[in-house]
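None of the values given here were measured: they were computed from a predicted structure. Computed from heavy atoms alone, side chains included, the values below leave out hydrogens, waters and symmetry copies.
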Amino acid sequence: KSYIVYKQMIQKQQISAIWMEDNTLQEKYNKWTDKVLKIKEKCMTKLKKEKNCKSIRRLMRVKRNLKKEKQTNLSEKRKKLINNHIHKEKCQAYAKKVSKAVEQLRKNGGGFKEESFWEFKRKLNGSKKETPTGMEDEKGNIVTEPDKIKSVYRNYYNKLFKNPKDSEMEEQVNEKMEEIKIKAKDQEPLVISRKVIKEVIKKLKKKKAGDSEGWKNELIIEGGEEMEKSLHFLFNSIHQTGKIPEQWEEMKIKSIYKNKGKKSKMENRRGIFLTSVLGKVFEKTIEGRIKVNKYQNGGRKKINNKQKTE
């Protein structure tokens, strides 16, 4: 329901008109993203109010009435009845969740696959948030301040991904990039059609993690024609100017405990790196145009290292 309202609001406000203004790419992008994310927040808050409004009002009335009454045996009996009623409602809500999850599994062909099992479990138990704990720095001291914890993460992952051969590789890459820039001056900029963008949007999957800005695949999938127009302007302007938005260079890092050893040690945590959602969509639009060498094994389907030697 919230995404239906979201699509209607985006069409009414005509978010693609922002890209026709005489501003820089970064200014247009900032204004456009702020507008889309504000629309999303409005739609989500409306839906939450509609869901929780009736039950919350009813329980608040009961609490007010109990406060007004004196502490007698009658009020205690009423408290027990209310608690029993709330317990029954929770059981009924849990039973509804189970029945909905079972119906979805039946529609998907029945049986428990790996993805459907974890989705089923998530719907019943909900998402569990890890309790915040302090982290150990390089000296072994426990750090609790948010800024210092971020520095612990930053130092650990910088060392983890650091390679002594990086400096040599950077020089080679810079030389190649200069050669490419010289050749690119004589060529016309790449133009991405709306057909290509539609095909990419169709292949996007829902219920995936968002980025640091707040973008998710659902916002692009349910955006309709206005979203397609906006992406068309954005991607083609990137090809013309040769610049990308500053937000695309940022990365959201999440850390998950491995259930082994101390939680405070970085060695016992798994890092998940979330890049820009719109940046990934842009990469997919040019992915089909890149010619792949037959000797390349990385990033190709149904090809492994064993086939390399054959």
Side-chain angles (χ1 to χ4, degrees), residues 2 26 29-30 33-49 51-52 55-56 59-60 63 83 86 90 93-94 97 114-115 117-167 170 205-219 244-280:
S2 60
Q26 189 63 49
Y29 182 80
N30 292 338
T33 47
D34 289 339
K35 199 167 187 179
V36 173
L37 294 173
K38 280 177 184 178
I39 291 166
K40 184 199 82 170
E41 285 176 6
K42 283 180 183 179
C43 298
M44 291 297 176
T45 49
K46 279 182 182 179
L47 190 69
K48 284 179 183 177
K49 284 179 182 178
K51 281 186 177 178
N52 300 326
S55 59
I56 290 165
L59 290 169
M60 289 296 288
K63 284 182 181 179
N83 288 328
I86 290 164
K90 284 181 179 178
Y94 192 78
K97 279 185 179 180
E114 191 177 351
E115 292 177 0
F117 170 75
W118 290 113
E119 191 177 348
F120 179 76
K121 190 180 177 184
R122 204 181 296 115
K123 282 180 180 178
L124 296 182
N125 298 332
S127 58
K128 291 182 181 178
K129 291 184 178 179
E130 189 180 343
T131 53
T133 54
M135 298 302 297
E136 285 186 14
D137 59 5
E138 293 175 354
K139 295 177 182 179
N141 300 323
I142 294 170
V143 176
T144 54
E145 294 177 8
D147 293 332
K148 289 182 179 179
I149 289 168
K150 285 178 183 177
S151 65
V152 170
Y153 277 89
R154 195 181 296 110
N155 294 332
Y156 176 77
Y157 287 118
N158 282 334
K159 283 185 178 179
L160 187 67
F161 296 118
K162 200 171 184 180
N163 191 352
K165 294 180 180 178
D166 283 346
S167 58
E170 279 181 11
K205 293 180 181 179
K206 294 182 179 180
K207 296 180 182 178
K208 294 289 180 182
D211 58 11
S212 57
E213 292 182 84
W215 279 93
K216 285 189 174 183
N217 286 344
E218 284 85 348
L219 300 177
I244 60 168
E246 292 173 359
Q247 291 88 333
W248 290 15
E249 295 177 359
E250 295 176 2
M251 186 185 288
K252 188 178 180 182
I253 300 172
K254 281 193 173 185
S255 175
I256 297 171
Y257 178 53
K258 294 180 182 178
N259 294 323
K260 290 178 182 178
K262 290 182 179 180
K263 286 186 179 181
S264 58
K265 286 188 176 181
M266 289 298 297
E267 293 83 5
N268 301 326
R269 304 185 76 85
R270 184 178 287 106
I272 296 170
F273 307 94
L274 303 172
T275 54
S276 172
V277 171
L278 291 168
K280 288 176 189 174

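- The two residues Ala209 and Leu274 come nearest to each other via the heavy atoms CB-CD2, 3.9 Å.
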Determine all donor-acceptor pairs shorter than 3.5 Å in which one atom belongs to a side chain in residues 144-151; sequence neighbours excluded.
from	atom 1	to	atom 2	distance (Å)
Ser151	OG	Lys148	O	2.5

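- With sequence neighbours left out, Asn30 forms a side chain to side chain donor-acceptor pair (under 3.5 Å) with Gln26, Gln247.
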Check your understanding: Are Lys159 and Met266 close enough, and set up right, to give a side-chain contact (heavy atoms from CB on, under 4.5 Å), and what steps lead you there?
Key -> CA-CA 12 Å; Lys159 283 185 178 179; Met266 289 298 297; over 6 Å; no

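- Considering all non-hydrogen atoms of both residues, Glu213 and Leu37 come closest at O-CD1, 3.3 Å.
- Crowding of Leu160 atom CG: a count of heavy atoms from other residues, nucleotides or ligands under 6.0 Å exceeding 12.
- For Lys260, there are no side chain to side chain donor-acceptor pair (under 3.5 Å) partners, not counting sequence neighbours.
- In this structure, the separation between CG on Asp34 and OH on Tyr29 is 10.0 Å, given to the nearest 0.5 Å.
- Between Asn155 atom CG and Asp137 atom CG the span is 9.0 Å, to the nearest 0.5 Å.
- Residues satisfying the ring pair (Phe, Tyr, Trp, His ring centres under 6.0 Å) criterion with Tyr157, sequence neighbours excluded, are Phe273.
- With values rounded to the nearest 0.5 angstrom, Arg269 atom CZ is found 10.5 Å from Asn259 atom CG.
- For the atom pair Lys207 NZ and Asn217 CG, the distance stands at 13.0 Å (nearest 0.5 Å).
- Inter-residue side-chain proximity for Leu278 and Asp211 is flagged as unmet; no heavy-atom pair is nearer than 4.5 Å.
- For Lys252, the NZ atom is densely surrounded, since the number of other residues' heavy atoms within 6.0 Å is greater than 12.
- By the salt bridge (charged side-chain N to carboxylate O under 4.0 Å, His left out) test, Glu249 is found to be paired with no residue, residues two or more places apart in sequence or in another chain being considered.
- Put simply, the side chain of Lys280 does not reach to within 4.5 Å of the side chain of Trp215, judged on heavy atoms.
- For Lys206, the salt bridge (charged side-chain N to carboxylate O under 4.0 Å, His left out) test picks out Glu222, with sequence neighbours left out.
- Residue Glu136 holds its CD atom at 12.5 Å from OH of Tyr156, rounded to the nearest 0.5 Å.
- One distance of note links NZ of Lys258 with CD of Glu267; it measures 8.5 Å at 0.5 Å rounding.
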